[in-house]
Each structure stands twice: as C-alpha cells, then as structure tokens.
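Notes for the one structure printed next.
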Amino acid sequence: MSTDATAIPATMPAWTQHRYGGPDDVALEDVPVPVPGPGDVLVRIRAVGLNSADVRVLRGDPLLIRAAFGLRRPRVTVQGRDVAGTVVAAGTAVSGLRVGDEVFGEITGGGLGPYAVAAAAKLVRRPPNLEAITAAALPMAGGTAWQALDKAGLGGSDAAGRVLVVGAGGGVGTLTVQLAVLRGLEVTALTGERALPLLRDMGAVAVHDYRRTDIADLGTGRFDAVIVIAGSHPLRALRRLVVAGGIVVLVSGGGNRVTGPIGPIARAAVMSIGASRRIRPLAATATPAITARLRDLAASGSLVPHIERTFPLSDARAALAHLDTGHAIGKTVVVAG
Ligand SMILES: NC(=O)c1ccc[n+]([C@@H]2O[C@H](COP(=O)([O-])OP(=O)(O)OC[C@H]3O[C@@H](n4cnc5c(N)ncnc54)[C@H](OP(=O)(O)O)[C@@H]3O)[C@@H](O)[C@H]2O)c1
C-alpha cells in the first residue's frame, strides 16, 4: 500500500451511531481510521454532501431497509455517502489513482469523519476549478436525477418534451430541474412555496406550490413524463398527467413506514400492464461515468448545484437534523477543515 508522507493517525473522531434513531443518536466518537483493501483508497475528507439516504439509514426507515443495513442496529455506523477529498493511501491493486489526487464520488458510507475508505473504482478526479463543496453536492442526487431523466427517455439528441418534476425543491429535485433544462426540456415544477423562486431561476417555465395545487389541475395528458420525487399523490392522478406513450417515473414511491415504496411499486407494475401510459420505479445506482458527466457540467459552470446550507464537520449532527426535517431546499454539505 502506498501512503501519504503525512502520518495517518490510528484513530479519528467520527459521527457514529450504534442504534437506529434520529440525529440525537449520533455522537462524535473515536473510531479506528479504516484500512483500505487492495482495490480501495483512503480519502482525507474535505466535504460531504448529505442525502435523504443518510437520514433514512440513520433512522432505519422504512423498516424494510434494515434487512439490508442491519436488522437490530445499523451496520454502517458512520453516515455520509457523497464525499470529496484527497487520496492519502491506496491499496495494492489500485492503478488509476495515486496519493495526492483530489477525488469525489458516492461511497457506501463513512464520510462523516476525517477519513473514509472508498472503492477506487467509485471515485472520479476532481479538477482544480471545481470546489470540493460543489463536487460533494453532485454524485447521489445528480446521479439519481440523471438516471430518472434517462428512464423517462427524455433529452436525447432530438431533445424536446415536457416534464413535470414533483418534489422539485430538494437535492434530487433541484438537480433534476437543472439537468432537464440543460437537456432542452420544458420543465414544470411542483414543490413547496419557498423553493419556487429558485426553480424559476433555474429555468422552470411554470412553478406550483403543492400545498395550493391539485395535481389534476396541471392538465390531463399535458406532459411527456412526470418525475415523482416527493409526496404520495395517487398513481392514477399522476398517470392522467402524461400523454399516451408517456411515463411516470417514481424516484420516491411514498408508501408506508414498514415496507416503504413496495406497495406503490407493485400497484404501478400492475397498472402498467398493457397500458400506453407507464409507471416505472427508479432504482438509481452509483455510476462513476455519470458522476464524471456531472463533474464536467459543473466544472464548466453549466450546472450549479444549489447548496442551501453548509455545516462544519464539528456540527455534522446539526446538518443531519437539518436534512431530517424533510424541508431542506437543494443540497446540504458538511465541510471538513
Ligand atoms: N429511487 C432511487 O433510486 C432514489 C435515489 C435517491 C433518492 N431517492 C429518494 O428521492 C427522494 C429525494 O429526496 P430529496 O432529499 O431530494 O427531497 P425531499 O426533501 O424528500 O423533498 C423535496 C421537496 O419536495 C417537496 N414536497 C413535499 N411533499 C410534496 C408533495 N406532496 N408534492 C410536491 N412536492 C412535495 C418539499 O417541499 P416542502 O419542504 O415545502 O415540504 C421539498 O422541497 C427521497 O425520498 C429519497 O429516498 C430515491
């Protein structure tokens, strides 16, 4: 393993949880600095973009995710998946990255501490003209937005089309709106009132406050695609919004606290059999090739993620609490020293 000349400590203070719960169940605790495996690198963290995935795993909500993340307590005890930082050690099988490289990407957790281990293959290089804070805001939310637009089949070379983004004000939503505009789509945004001016500035041609708007009033057969990121609007009402041949993409399926979106996804599958208006769930995956596309757009200034708040690493619990309200606008980023 190659390492930085600067000594890497044996332990570090990281925001750790030992049981499912809220931000108050996270505490700064001395834990061993992780040791990279052959295909991994150790990253000195500069910035961590938080996502709803962090608070979902923190809470073990819906209960179904505990089957994957630990039945009684979380297996990933340090949250933080979208990291930007400096490679300080590289495993023996790593060839594409070296100590000193600036990188970012979506990892499987562990970002809320000074160091985190990441599979080298999951990271992309960060150029000097892209700030670490901006880079950390991109991977999961931007990757999800990208894959949702791809699933909708919108934004190819002959880009044209009308898309409704439901829940447009959060991390995934603001990036979906921006990427849709970049793809040449006509974007309508439905979300909370506070985010509406921002979304208009981002290029949405129409914006609606979900607390004052009945989605049925947005027009029957008016959109080529509806991308659903928040809310629990009835599937039939969502489907009525799209043209024949159109699609409703469920990024978030709503559902209950036990099985989460499983029920709506099953209903969507049944409703889509033989139907010209389809409803399809999205299961986004961490895809470095997409992270690299997002990087290039952000580095050129075409894509500017909206970072509503930053918090120092020493206050990461407050950052988790901010996201846990469910009303954060755009991205929340934790900044290490
Ligand atoms: N399928 C996948 O692969 C995948 C990947 C990543 C994320 N996700 C999911 O995607 C969601 C993204 O979360 P996020 O953090 O970006 O956003 P969020 O915080 O969950 O919500 C975003 C916005 O939605 C608005 N909203 C709430 N209820 C609404 C409704 N009924 N109609 C329209 N807008 C409504 C909120 O406004 P107010 O604040 O005014 O209430 C908020 O601005 C999460 O549920 C996450 O689990 C899925």
Side-chain angles (χ1 to χ4, degrees), residues 49-62 64-65 68-69 79 81-82 106 137-152 164-179 188-199 202 204 206-218 226-235 237-238 241 248-257 260-262 264-265 268 279-287 290 305-309 319-333:
L50 294 184
N51 291 282
S52 13
D54 293 304
V55 291
R56 283 189 189 277
V57 177
L58 176 69
R59 288 196 171 278
D61 177 17
L64 186 72
I65 69 167
F69 288 92
Q79 305 310 324
R81 288 163 172 74
D82 278 351
E106 180 185 333
L138 294 172
M140 187 185 287
T144 302
W146 190 288
Q147 290 171 65
L149 288 165
D150 282 352
K151 187 141 207 146
L164 169 67
V165 182
V166 178
V172 175
T174 48
L175 283 157
T176 303
V177 169
Q178 289 188 72
L179 289 171
T188 297
L190 178 68
T191 197
E193 185 180 16
R194 285 184 314 128
L196 300 184
L198 171 73
L199 295 164
M202 287 176 166
V207 296
H208 302 277
D209 175 1
Y210 75 91
R211 293 184 179 87
R212 293 165 191 264
T213 309
D214 183 336
I215 58 165
D217 295 337
L218 295 178
V226 175
I227 295 179
V228 183
I229 300 164
S232 47
H233 302 278
L235 295 179
L238 291 165
L241 297 170
V248 175
V249 177
L250 300 178
V251 173
S252 165
N256 62 43
R257 292 206 55 195
I262 295 294
I265 287 172
I279 310 175
R280 293 273 186 264
L282 176 76
T285 52
T287 310
I290 294 177
H306 177 76
I307 297 170
E308 181 191 25
R309 290 191 65 180
L320 288 166
H322 176 62
L323 207 69
D324 193 42
T325 63
H327 299 295
I329 292 180
K331 294 294 301 178
T332 302
V333 178

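In each ligand, atom 1 is the first atom listed, and ligand 1 is the first ligand listed.
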Next on the checklist: Ser232 versus ligand 1: do any nitrogen or oxygen atoms come within less than 3.5 Å of each other?
Outcome noted: no
Next on the checklist: Considering Gly170, Gly169, Ser52 one by one, which has a heavy atom nearer to atom 15 (O) of ligand 1 than any of the others?
Outcome noted: Ser52
Checklist entry - Are any of the N/O atoms in Val172 less than 3.5 Å from those in ligand 1? => result yes
Checklist entry - After noting the C-alpha distance and the side-chain angles of Val57 and Arg81, does the key distance pass the side chain to side chain contact (heavy atoms under 4.5 Å, CB included) rule? => result CA-CA 11 Å; Val57 177; Arg81 288 163 172 74; 3.6 Å; yes
Checklist entry - Distance-only, no hydrogens or angles: does the Lys151 side chain make a donor-acceptor pair with backbone N or O of Ala283 under 3.5 Å? => result no
Next on the checklist: Please tell me if atom 20 (O) of ligand 1 is touched by the protein, where touching means a protein heavy-atom distance below 4.0 Å.
Outcome noted: no
Item to check | Which of the ligand 1 atoms, numbered from 1, are nearer than 4.0 Å to a heavy atom of Leu190 | outcome: 33 (C), 34 (N)
Next on the checklist: Against ligand 1, does Arg211 come closer than 4.0 Å with any heavy atom?
Outcome noted: yes
Checklist entry - Which one holds for Ala283 and ligand 1: side chain close, backbone close, both close, or neither close, with close meaning a heavy atom under 4.0 Å? => result backbone
Item to check | From OG1 (Thr332) to CG (Leu323), nearest 0.5 Å | outcome: 5.0 Å
Checklist entry - Do Leu175 and Pro305 have side-chain heavy atoms sitting under 4.5 Å apart? => result yes
Next on the checklist: Out of Thr213, Thr191, Val165, who is nearest to atom 25 (C) of ligand 1 when you count heavy atoms only?
Outcome noted: Thr191
Checklist entry - Does ligand 1 have a heavy atom under 4.0 Å from the side chain of Arg56, from its backbone, from both, or from neither? => result side chain
Checklist entry - Could an N or O of ligand 1 be found under 3.5 Å from any N or O of His327, whether backbone or side chain? => result yes
Item to check | Side chains of Ile229 and Thr176 in contact at under 4.5 Å (non-hydrogen atoms) | outcome: yes
Checklist entry - Where the closest heavy atom to atom 11 (C) of ligand 1 is concerned, which of Ile229, Val251, Val228 has it? => result Ile229
Checklist outcome for this item: All heavy atoms of Leu250 vs all of Ala268, minimum pair found to be CD1-CB, 4.2 Å
Checklist entry - If only atom types and distance count, is the side chain of Asp54 paired as donor or acceptor with the main-chain N or O of Gln79 below 3.5 Å? => result no
Checklist outcome for this item: protein heavy-atom neighbour closest to atom 26 (N) of ligand 1 works out as Tyr210 CE2, 3.4 Å
Next on the checklist: If you define the side chain from C-beta out and look only at heavy atoms, does anything of Val248 sit under 4.5 Å from Val228?
Outcome noted: yes
Next on the checklist: Just to be sure I'm reading this right: ignoring hydrogens, which of Gly171, Ala328, Ala53, Ala284 gets closest to atom 3 (O) of ligand 1? Compare them by their nearest heavy atoms.
Outcome noted: Ala284
Next on the checklist: Any heavy atom of His233 closer to ligand 1 than 4.0 angstrom?
Outcome noted: yes
Checklist entry - Judged by non-hydrogen atoms, does Ala195 sit under 4.0 Å from ligand 1? => result no
Checklist entry - Taking it one step at a time, do Asn51 and Lys331 satisfy side chain to side chain contact (heavy atoms under 4.5 Å, CB included)? => result CA-CA 8 Å; Asn51 291 282; Lys331 294 294 301 178; 2.8 Å; yes
Next on the checklist: I need the contact type for Ser252 against ligand 1. Using non-hydrogen atoms and a strict under-4.0 Å cut-off, is it side chain, backbone, both or neither?
Outcome noted: side chain
Checklist entry - Are Ile227 and Val251 close enough that some pair of their side-chain heavy atoms sits under 4.5 Å apart? => result yes
Checklist entry - To which protein heavy atom is atom 18 (P) of ligand 1 closest, and what is the distance rounded to 0.1 Å? => result Gly326 O, 4.5 Å
Checklist entry - Mind checking whether Leu190 and His233 have side chains closer than 4.5 Å, heavy atoms only? => result yes
Checklist entry - Measuring from the heavy atoms of Leu282, does anything fall under 4.0 Å of ligand 1? => result yes
Item to check | Distance-only N or O hit between ligand 1 and Ala230, under 3.5 Å | outcome: no
Checklist entry - Does an N or O anywhere in Glu193 fall below 3.5 Å from an N or O of ligand 1? => result no
Checklist outcome for this item: A student checking ligand 1 against Gly192 at a 4.0 Å heavy-atom cut-off should list atoms 37 (O), 40 (O)
Item to check | Met140 touching ligand 1 at heavy-atom level, < 4.0 angstrom | outcome: no
Next on the checklist: Could you check whether any side-chain N or O of Thr174 sits under 3.5 Å from a backbone N or O of Gly171, counting only pairs where one atom can act as donor and the other as acceptor?
Outcome noted: yes
Item to check | Donor-acceptor contact present, side-chain Arg309 to main-chain His322, <3.5 Å | outcome: no
Checklist entry - Between Gln147 and Thr285, is there a donor-acceptor pair closer than 3.5 Å when you use the side chain of the first and the backbone of the second? => result yes
Checklist entry - For Thr144, is at least one N or O under 3.5 Å away from an N or O on ligand 1? => result no
